Amino acid sequence: MAMETMYPAKSGSPATFLTDGISSSADVIPVDDVTKLPDPPNLAILGGWEGAEVVLYTGKSGSTLTGCTRGFGDTDPQVWLE
């Protein structure tokens with residue numbers, strides 16, 4: 001399967017940060033400001049440029065993204081540190 005092009009974030013794109021590390025199979029992702037991200041279902045990018053991982057999230061609850069499908073769009077699920 002061909003690799004899909006990852007596009008850089010645009011100026012003004014919403015951004016938030018992990019508040020705790022996550023395993024490569026975590027389906028709940030803790031972030032510092034969940035309100036910065038669009039309503040679900042939607043996509044979030046973990047990391048940057050090479051090695052970035054796309055996550056599909058289907059819910060937001062408190063300070064977490066929930067119902068996460070890791071490695072969306074043929075990216076690799078990874079362990080991420082805070």
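Source: prediction; values computed, not measured.
The backbone N or O of Pro41 sits nowhere less than 3.5 Å from a side-chain atom of Thr58 that would complete a donor-acceptor pair. In this structure, the side chain of Glu53 engages the main chain of Gly71 through a donor-acceptor pair within 3.5 Å. Looking only at distances, no side-chain donor or acceptor of Arg70 sits under 3.5 Å from a matching main-chain atom of Asp27. In this structure a side-chain-to-backbone donor-acceptor pair under 3.5 Å is missing from Thr64 to Ile29.
Under a hydrophobic clustering in which Ile, Leu, Val, Met, Phe, Trp and Tyr are joined whenever their side-chain heavy atoms come within less than 4.5 Å, directly or via other members, Val55 and Leu18 fall into the same cluster.
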Pairs of donor and acceptor atoms involving the side chains of residues 30-40, under 3.5 Å and at least two apart or interchain, shall be tabulated with distances.
| residue | atom | partner | partner atom | Å |
| --- | --- | --- | --- | --- |
| Asp32 | OD1 | Thr16 | OG1 | 2.2 |
| Asp32 | OD1 | Phe17 | N | 3.1 |
| Asp33 | OD1 | Thr35 | N | 3.2 |
| Asp33 | OD1 | Thr35 | OG1 | 2.4 |

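Tyr57 is not listed as a side-chain neighbour of Thr66, based on a closest heavy-atom distance of 4.5 Å or more.
Across every non-hydrogen atom of Trp80 and Gly47, the tightest pair is CH2-CA, 3.5 Å. Taking each heavy atom of Ile45 and Ala52 in turn, the nearest pair found is CG2-CB, 3.9 Å. Nearest heavy-atom pair, Ala44 versus Leu65, reported as atom, atom and distance to 0.1 Å: CB-CD1, 4.3 Å.
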